[in-house]
Colleague: 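Structure below; questions to follow.
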Amino acid sequence: MGWVRVTGATVGCWLAFYNPSMSLDLPGTGPRPTFPSSSDMPLLAGLNTEQRAAVTLPAEPALILAGAGSGKTRVLTTRIAWLLQTGQISPGGLLAVTFTNKAAREMMTRLQSMLPVNVRGMWIGTFHGLCNRLLRAHHKTAGLPQTFQILDTQDQQSAIKRLCKQFNVDEERFPPKQLQWFIGGCKEDGLRPGDVQAHDPDTRKKVELYQLYEEQCQREGVVDFGELLLRSYELLRDHAPVREHYQRRFRHILIDEFQDTNKLQYAWIKLLAGQGASHENAVFAVGDDDQSIYAFRGARVGNMADFVREFHVQHQIKLEQNYRSYSNILDSANALISHNKHRLGKNLRTEQGAGEPVRVVESSSDFAEAQWLIDEIKQLIRDDSSAAPGRLKQASAPLGGSEDTPVPSVGANIARKEMAVLYRSNAQSRVIETALFNSGIPYKVYGGLRFFERAEIKHALAYLRLLENPNDDTSFLRVVNFPPRGIGARSIEQLQDAARAANQGAGSSLHAAVNAMSGKAGANLSAFVAKIDVLREQTQGLTLREIIELVLEHSGLVEHYRAEREGADRIENLEELVTAAESFVSIEGFGRDAEATAAAENAAPDADGEVLSPLAAFLTHAALEAGDNQAQDGQDAVQLMTVHASKGLEFDVVFITGLEEGLFPHENSLSDFDGLEEERRLMYVAITRARKRLYLSLAQTRMLHGQTRYHIRSRFLDELPEETLKWVTPRNQGFGSGFTPQNSYGPGRGNGAGGGAWNSGWANASRSDSAYGRDTGSSLSSSKVVEQAQEAATGLRIGMSVFHNKFGEGKVLTLEGSGDDARAQINFPRHGVKWLALSVAKLTVV
DNA sequence: GGCGAGCGAATTTTT
DNA sequence: TTCGCTCGCC
């Protein structure tokens, strides 16, 4: 069965992220029914043995190791539904945590389709969403203003930059980026400035800045993402009544993607679960250590093992039955991941047949790779009527069979949106995009700016935030002179000085400091502040929509963009903001509902009883959910994304591109063992996205940072079992042999059995270049001349494989000089890139 | 205050 | 190569 994919429709569940409307049924106060035997329950129909076991586990800590495509989300949601239906828990008594809003939404949508339950009241959401909810309900206890604003990463960076300027920090020595990373890291480890061990001057300085940053945030009434978690962790840790209330309440805690939790998140869960306390709530953790690909941002796979140990987990269930892919694909994935040392151990299996072999294609360049991709995609889209002989229609016969038997071919009639082109890094998409664009194939790239991250939207939000919280200096600075109103850097500097000096040196917000300003600067600033203050008054009692419309008009934003040449899109987005607010309100039903909601929430001890205004709620929503990357879905388009972005998705056809050493695995990750293992897990994720057909592709040369780079093929290709692969282009040993781009794949391709076979060699470089409307011919040939000269002088060629006594086999990357001065840059897979003087080094051509 | 030259950096990313 | 940021000039 397919996955329910929720796209675009962000409706229905916003409330759960910021505004509680839980029912008051606490565990223990509800009925305590007897459980029907599991086989009677329609909920459980269609689950396999392991899935069913997981769903119906008793209320004890459990770890579900859920392989790719094993029905993880289904198990999680069915578990919740089962707990509810069997009366073991009331909707208010469970907590379900996900990493993304999308996952939370999907869970709620599915849950709703299983049970007639009001998911809006349930505590299902992201870590950040739930922490926000806790902090809003207990803002006084947590030491925050009720209307605290949330800084996203951009805001945080500008806040740090501002701080650095103010304290004359040398930004060369302490780049704001690095400080941001440092602060985030401390918070993730649960460390306040006073807790950080600093043994060197640099660290001491950073800690000092961390301290100052905290003070700044506190003064301004803003919290960053890390703070949301840490503050809520501390709230629970330091306030027993609050902690005990929630511990009593959340008898079941379910966590999705457990392998992605960081240290603080795990600690938070332990607190809520009452781990180590007299009674423990049932933590149901679902995850896959093989799909842990976020160590770089703090995820700790080790949490899985810690969880098993610390919670004395008795129930570990592996979901290894895969419902997605054919076995050639799964066997490849299994074989690859078996090269990792640190694993909990798991092997995917399928009842579908072998399916097609995994196709491997080597091209001469990234351009040729893109061109090949286009041709292949065209072939796949093509209607059956024009399909080449040997290509079968989509399988209707029983699936399976070896490579020899007719295989369920996906050779034709594949929807574009069922094809995904994956790459390791975003930079790789460019060439592919250009090629797709020129060939007129619709495509959609994931990544990039999201709706609420767009400059014009952030400007509008800044005005709105100032209405809610005039002390928000980040927002103040963002719009004080946007649209331009004659307030330059000098005025702002003066204002900042005044703010610092205010309150006997304790400092004040910029907004408050405006009074102290005089002269022309003072007049302009006063006018701005007055505008904000008037707007605040004018918007009293208005609906959210009216507030935003008023602000857009009076801020001058719309007017400003109207005068701009390319402002039309921005105005459109601003209009979209009104629409977003509108639907936000209509879905949340602000008003009666919110009152009731707050009342319910305040059942918690020490809860602070105000209702969040619709505007404040909307601003929170905007910060916690940045919105879709690209709104125009609905169109049938080829999907382009990084491997990271593909996690959790699946497609009939998957192209994994750029399988070259240095790219995938990425060179930056090669220095340490863990890095390489994470790259391998990344590759594992990529492979397991494919349902029916998988292509692995690599290019011998690639434009990177404006230079042509030579790569050898990824070690991952060599880690795949030969019998599941089909090398569509000849498999070279190493590299080098026959590096002559004269070969063309010519007109006769695409006629092989099983489809996609291709005659020989690589795409003709000039041909593919012309397809992009670029003429790189001259530069190609001139560099070729140089190459040839060097070849003659050294006896080596770029791309050639050579053998060195100490370093082993390597590939020639660069040649320089001639005669005794001749040297070569050689990439040795085991020893890295070396420069060798050819008069000294003994090299043998392989 | 706006614009253009010049410089440096350039995995992966959600909240 | 290309993007984003800073700096300096008009």
Side-chain angles (χ1 to χ4, degrees), chain A residues 17-18 97-104 125-132 150-158 161 165 171-172 175-177 181 184 187-188 223-229 232 257 260-262 264-265 292-299 366 422-431 434 446-450 452-453 481-492 524 564 620-627 629 641-648 658 662-671 675 678-679 681-683 685-686 702-709 774 776 779:
Chain A
F17 298 120
Y18 73 91
V97 202
T98 62
F99 271 86
T100 63
N101 291 300
K102 193 175 159 208
T126 62
F127 276 102
H128 293 84
L130 297 169
C131 287
N132 171 61
I150 297 166
L151 298 186
D152 67 15
T153 316
Q154 282 176 43
D155 299 332
Q156 189 191 20
Q157 176 134 52
S158 62
K161 274 189 186 157
K165 288 243 164 60
E171 295 195 15
E172 299 271 283
K177 270 253 165 62
W181 183 80
K187 290 191 180 184
E188 252 168 38
V223 297
D224 60 43
F225 286 132
E227 186 69 23
L228 227 34
L229 279 159
S232 126
E257 306 279 13
D260 287 338
T261 50
N262 65 32
L264 183 56
Q265 287 159 341
S292 158
I293 55 174
Y294 287 112
F296 73 91
R297 65 173 198 213
D366 48 349
L422 308 185
Y423 34 81
R424 173 67 239 269
S425 62
N426 285 306
Q428 289 166 254
S429 75
R430 172 173 237 96
V431 187
T434 316
Y446 285 74
L449 275 194
R450 327 248 288 275
F452 286 111
E453 291 166 354
N481 198 36
F482 194 94
R485 45 177 74 88
I487 299 170
R490 224 171 333 114
S491 308
I492 290 171
N524 285 340
E564 218 173 54
T620 301
H621 161 72
L624 286 179
E625 185 163 8
N629 279 328
M641 64 190 83
T642 63
V643 179
H644 281 93
S646 76
K647 193 178 163 203
L663 247 194
F664 200 1
H666 196 277
E667 52 199 349
N668 295 4
S669 61
L670 292 178
S671 50
E678 179 145 319
E679 293 290 304
R681 291 193 293 267
L682 203 46
M683 180 68 184
V685 167
R702 190 173 289 278
M703 267 303 227
L704 217 56
H705 309 326
Q707 282 183 316
T708 302
R709 302 231 319 213
R774 290 183 195 189
T776 48
S779 65

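Just the heavy atoms: all of them, side chains too, but no hydrogens, waters or symmetry mates, feed the values below. We name chains A, B, ... by the order of the sequence lines, and we start the count at 1 in each one.
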Colleague: How about A/Leu682 and A/Arg424: do any of their side-chain heavy atoms sit closer than 4.5 Å?
Modeller: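 Of all side-chain heavy-atom pairs linking A/Arg424 with A/Leu682, at least one is under 4.5 Å.
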Colleague: Tell me: CG of A/Leu449 to C1' of B/dT14, nearest whole Å?
Modeller: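 Distance check: A/Leu449 CG to B/dT14 C1' gives 15 Å.
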Colleague: Do the charged groups of A/Asp260 and A/Lys647 touch, with an N to O distance under 4.0 Å?
Modeller: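 A/Lys647 and A/Asp260: salt-bridged.
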Colleague: Considering only atom P, compute the distance from B/dT12 to C/dC5 and round it to an integer number of Å.
Modeller: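 Approximately 16 Å lies between the P atom of B/dT12 and that of C/dC5.
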Colleague: Looking at every strand, decide which applies to A/Gly486 at a 4.0 Å heavy-atom threshold: base, sugar-phosphate, or nothing.
Modeller: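 It contacts sugar-phosphate atoms only.
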Colleague: Round to a whole Å and report the spacing from CG of A/Leu228 to P of B/dT14.
Modeller: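 Spelled out: CG on A/Leu228 to P on B/dT14 is 17 Å.
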Colleague: Just how far, in rounded Å, is C1' of B/dT15 from CD of A/Gln157?
Modeller: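 Roughly 16 Å, once rounded to whole Å.
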Colleague: Please confirm whether the backbone N or O of A/Leu624 pairs with a side-chain atom of A/Asn101, one donor and one acceptor, at under 3.5 Å?
Modeller: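 Checked: pair present.
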Colleague: Without decimals, in angstroms, what is the distance between A/Asp366 CG and C/dT1 P?
Modeller: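 From A/Asp366 CG to C/dT1 P: 13 Å.
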Colleague: Can you check B/dT12 for me, syn or anti if syn means within 90° of 0?
Modeller: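 Anti, angle beyond 90° from zero.
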Colleague: For C/dC3, does either OP1 or OP2 sit under 4.0 Å from a side-chain N or O belonging to A/Arg430?
Modeller: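 So the side-chain polar atoms of A/Arg430 do come within 4.0 Å of the phosphate oxygens OP1 or OP2 of C/dC3, strictly under.
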Colleague: Verify whether one side chain among A/Gln156 and A/Thr153 offers a donor that lies under 3.5 Å from an acceptor in the other.
Modeller: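 No donor-acceptor contact under 3.5 Å links the two side chains.
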Colleague: Heavy atoms from C-beta onward define the side chain here; which of B/dT15, C/dT6, B/dG1 lies closest to that of A/Asn481?
Modeller: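 So the side chain of A/Asn481 is nearest to B/dG1.
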Colleague: Taking only the side-chain nitrogens and oxygens of A/Asn101, find out if one of them lies under 4.0 Å from OP1 or OP2 of B/dT15.
Modeller: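 It does, given that an N or O in the side chain of A/Asn101 lies less than 4.0 Å from OP1 or OP2 of B/dT15.
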Colleague: Taking NZ from A/Lys187 and C1' from B/dT14, how many angstroms apart are they, rounded to a whole number?
Modeller: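 My rounded result for the distance is 17 Å.
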Colleague: State whether A/Lys161 and A/Glu171 are salt-bridged, where the test is any N-O pair (Lys NZ or Arg NE/NH1/NH2 against Asp/Glu carboxylate O) under 4.0 Å.
Modeller: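 Salt bridge between A/Lys161 and A/Glu171, a charged N being under 4.0 Å from a carboxylate O: no.
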Colleague: Scan nucleotides 7-13 of chain B nucleotide by nucleotide, 5' to 3', and note B when protein non-hydrogen atoms come under 4.0 Å of the base, S if they reach only the sugar-phosphate, - if neither.
Modeller: ---BBBB
Colleague: Using only atom types and a distance under 3.5 Å, with no angle test, would you say the side chain of A/Gln265 pairs donor to acceptor with the backbone of A/Asn262?
Modeller: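 Yes; judged by distance alone, with no hydrogens or angles, the pair exists.
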Colleague: Over how many whole Å does the gap from A/Lys165 atom NZ to C/dC5 atom C1' extend?
Modeller: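 Roughly 11 Å, once rounded to whole Å.
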Colleague: Let me know the distance between NZ of A/Lys177 and C1' of C/dC3, rounded to the nearest Å.
Modeller: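 Nearest whole value for this atom pair: 12 Å.
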Colleague: Could I get the full list of side-chain contact (heavy atoms from CB on, under 4.5 Å) partners for A/Met641, not counting sequence neighbours?
Modeller: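 For A/Met641 the side-chain contact (heavy atoms from CB on, under 4.5 Å) partners, ignoring immediate neighbours, are A/Leu422, A/Tyr446, A/Gln639, A/Ala645, A/Ser646, A/Leu649, A/Phe651.
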Colleague: Which part of the nucleic acid does A/Ile487 contact within heavy-atom distance under 4.0 Å: base, sugar-phosphate only, or nothing?
Modeller: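 Touches sugar-phosphate only.
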Colleague: Using atom C1' of each nucleotide, how far apart are C/dC3 and B/dT14 to the nearest Å?
Modeller: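 The answer is 23 Å between these two C1' atoms.
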